[in-house]
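Every heavy atom of this structure was used, including side-chain atoms; hydrogens, water molecules and symmetry mates were not. Because the structure is a prediction, the values reported are computed rather than measured.
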Amino acid sequence: MDRLAPFGNDPFDKPPCKGCSSYLMEPYIKCAECGPPAFLLCLQCFSRGFEYKKHQSDHSYEIMTSNFPVLDPSWTAQEEMSLLEAVMDCGFGNWQDVANQMRTKTKEDCEKHYMKYFINNPLFASTLLSLKQAEEEMNVDTAVPFLSAEDPPRPTFDSLLSRDMAGYMPARADFIEEFDNYAEWDLRDIDFVEDDSDILHALKIAVVDIYHSRLKERQRRKRIVRDHGLVNLRKFQILERRYPKHIQELYDTMRRFARILGPYEHDKFIESHALEYELRREIKRLQDYRVAGIKTFCSAKIYDRLKKSREEERLKRTMLSEVLNCIHDGNACHQWLKRQAAIDSGVHHVPPLVTSSGRRSAPPLDLTGLPGTEKLNDKEKELCQVVRLVPGAYLEYKAALMHECTKQGSLRLAQARALIKIDVNKTRKIYDFLIREGFIIKPQA
């Protein structure tokens, strides 16, 4: 019984003959009782009655050949497969190259046969249409990074934008370097042969399974990049900046969970929190109105206008205090007048005011995120901000002074300055604070 050969026209694509190890040429023989793997013989070995291990010369067999028509009586099955391979290699429309590769048909024959049986064939057309509809139904809720009307960025190789896009090539919809790029190296020397022991065969199967799991991880990462639109990183960052700072921090924190939620669910989650943030801010504003005794929006407008005028008055009082501080120092007064003139002229970057001593007043220290801040009470936090001392250093100084006070029974300022080698003014403020709060005891006069 004739069967279609599962290999191409190239003899090197076929496994060797079990008898003489030569490459098989059609037609050849396949044992119907041995295998897997398939037990194949050339006609010469079959005619000699070759036997090997379990294979006997009286086993039933199949004649493997592609020399029979499938779609057109003038085209054999082998020529059909050669045509498809040539179109795949040369590209659709390059019929002269396709004919040169086939060698048995002309350019016109290849084009006519392909258009008739593979493009305009109603059977194939209906099958492709059903597959396309099924794919559209499957991907109806799938986010895509670029719409058909959009043109994704096409940066030059090794440019900054190309590195930002992780080497993504829009024309090929693929990356220059894959995740786990050398996963295929583990399979390059693996060959399944009939003489393998059970342990060796199981080991090779395990290596293939590991490779499949690595391929799944590669596809999973590609799917995440595609579904969430992460290829165009700059566009993604611009969309992220549309949220207020509070929501941006939440977005950055929740980004690691995006792979679990999916693109739409993740965006809905962030949008819902952004809406919640706006609602809470509006509720807080209305609560402030109610605390101030305001019950109508008309009264709220008047309240906001008066509040703004009060802020302006407070700013004027602050400016007056600065003038009073500088009025006895001609140099400082001149600097203040220049500073106010720069502010009135619309200059954004105005240098801070410098006193007669030449020192600038340092702003309070920001303790946000510093280690040890959670161990301080409110008064200690205020001290660290004014003195500009990090919480960790303050706790060390406090423990040293308290230990010395417990050992001596009391503690003098000179002893405190000998224990902690910092600015004497800071030491004095820390010493006075600890005495005032009852952490240490000052000796009696």
Side-chain angles (χ1 to χ4, degrees), residues 2-16 23-28 30 37-38 40 64-136 138-139 144 146 148 152 154 157 167-179 181-185 187-188 190-192 208 211-212 214-216 218-219 222-223 226:
D2 292 353
R3 293 294 182 91
L4 176 64
F7 307 104
N9 194 29
D10 190 353
F12 296 100
D13 291 341
K14 304 181 182 67
Y23 288 101
L24 295 171
M25 298 293 292
E26 296 182 9
Y28 55 91
K30 175 184 176 183
L40 306 177
M64 308 301 294
T65 181
S66 302
N67 191 21
F68 57 89
V70 178
L71 301 174
D72 191 318
S74 61
W75 284 69
T76 64
Q78 181 59 51
E79 289 176 332
E80 299 282 1
M81 291 188 295
S82 299
L83 175 63
L84 296 178
E85 291 176 0
V87 172
M88 185 184 303
D89 294 339
C90 303
F92 178 78
N94 300 321
W95 301 116
Q96 185 60 53
D97 296 336
V98 171
N100 294 338
Q101 182 170 328
M102 286 195 61
R103 299 181 181 178
T104 58
K105 299 293 182 180
T106 64
K107 168 186 174 181
E108 292 76 13
D109 293 338
C110 295
E111 180 179 4
K112 181 179 179 181
H113 184 81
Y114 191 86
M115 296 300 295
K116 179 179 180 181
Y117 291 101
F118 296 102
I119 299 298
N120 300 324
N121 193 331
L123 175 62
F124 291 161
S126 61
T127 304
L128 293 175
L129 181 60
S130 61
L131 291 175
K132 182 178 180 181
Q133 292 175 349
E135 183 179 0
E136 291 177 352
M138 184 184 304
N139 300 329
V144 292
F146 303 112
S148 57
R154 302 174 185 270
F157 176 72
Y168 183 76
M169 298 176 290
R172 292 177 55 184
D174 208 343
F175 294 88
I176 296 176
E177 185 172 345
E178 298 282 1
F179 169 75
N181 198 43
Y182 300 100
E184 288 77 10
W185 281 26
L187 298 178
R188 57 182 176 177
I190 291 182
D191 186 17
F192 288 90
V208 174
Y211 172 69
H212 284 169
R214 297 166 75 177
L215 285 184
K216 289 180 181 178
R218 180 186 294 175
Q219 294 300 323
K222 279 187 177 181
R223 185 175 64 253
R226 183 190 69 244

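Residues Gln78 and Met81 are in side-chain contact: their nearest non-hydrogen atoms beyond the backbone lie under 4.5 Å apart. Taking 4.5 Å as the limit, some side-chain heavy atom of Gln101 sits within range of a side-chain heavy atom of Cys90. When side chains are defined from C-beta on, Leu83 counts as touching Cys110, because their heavy atoms get closer than 4.5 Å. Tyr114 is listed as a side-chain neighbour of Leu84, based on a closest heavy-atom distance under 4.5 Å.
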Next item on the list: List the steps, then state whether side chain to side chain contact (heavy atoms under 4.5 Å, CB included) holds for Asp109 with Trp95.
Entry: CA-CA 9 Å; Asp109 293 338; Trp95 301 116; over 6 Å; no
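Of the inter-residue distances, the one linking Leu40 atom CG with Met64 atom CE reads 7.5 Å to the nearest 0.5 angstrom.
Between the side chains of Asn100 and Gln96, at least one donor N or O lies within less than 3.5 Å of an accepting N or O. A donor and an acceptor atom, one from each side chain of His113 and Glu80, are located under 3.5 Å apart.
Met102 approaches Glu79 most closely through the heavy-atom pair CE-O, 3.6 Å. Closest heavy-atom contact between Ala38 and Lys30: CB-CE, 4.0 Å. Of all heavy-atom pairs spanning Ala99 and Lys107, the tightest one is CB-N, 3.6 Å.
Within a 6.0 Å sphere centred on CZ of Arg188, other residues, nucleotides and ligands contribute more than 12 heavy atoms.
Applying the salt bridge (charged side-chain N to carboxylate O under 4.0 Å, His left out) rule to Glu184 yields the partners Arg218; only residues at least two apart in sequence or on another chain are considered.
Remark: the backbone N or O of Glu108 is not paired with any side-chain donor or acceptor of Glu111 at under 3.5 angstrom.
For Tyr117 and Trp75, the gap between ring centers reaches or exceeds 6.0 Å.
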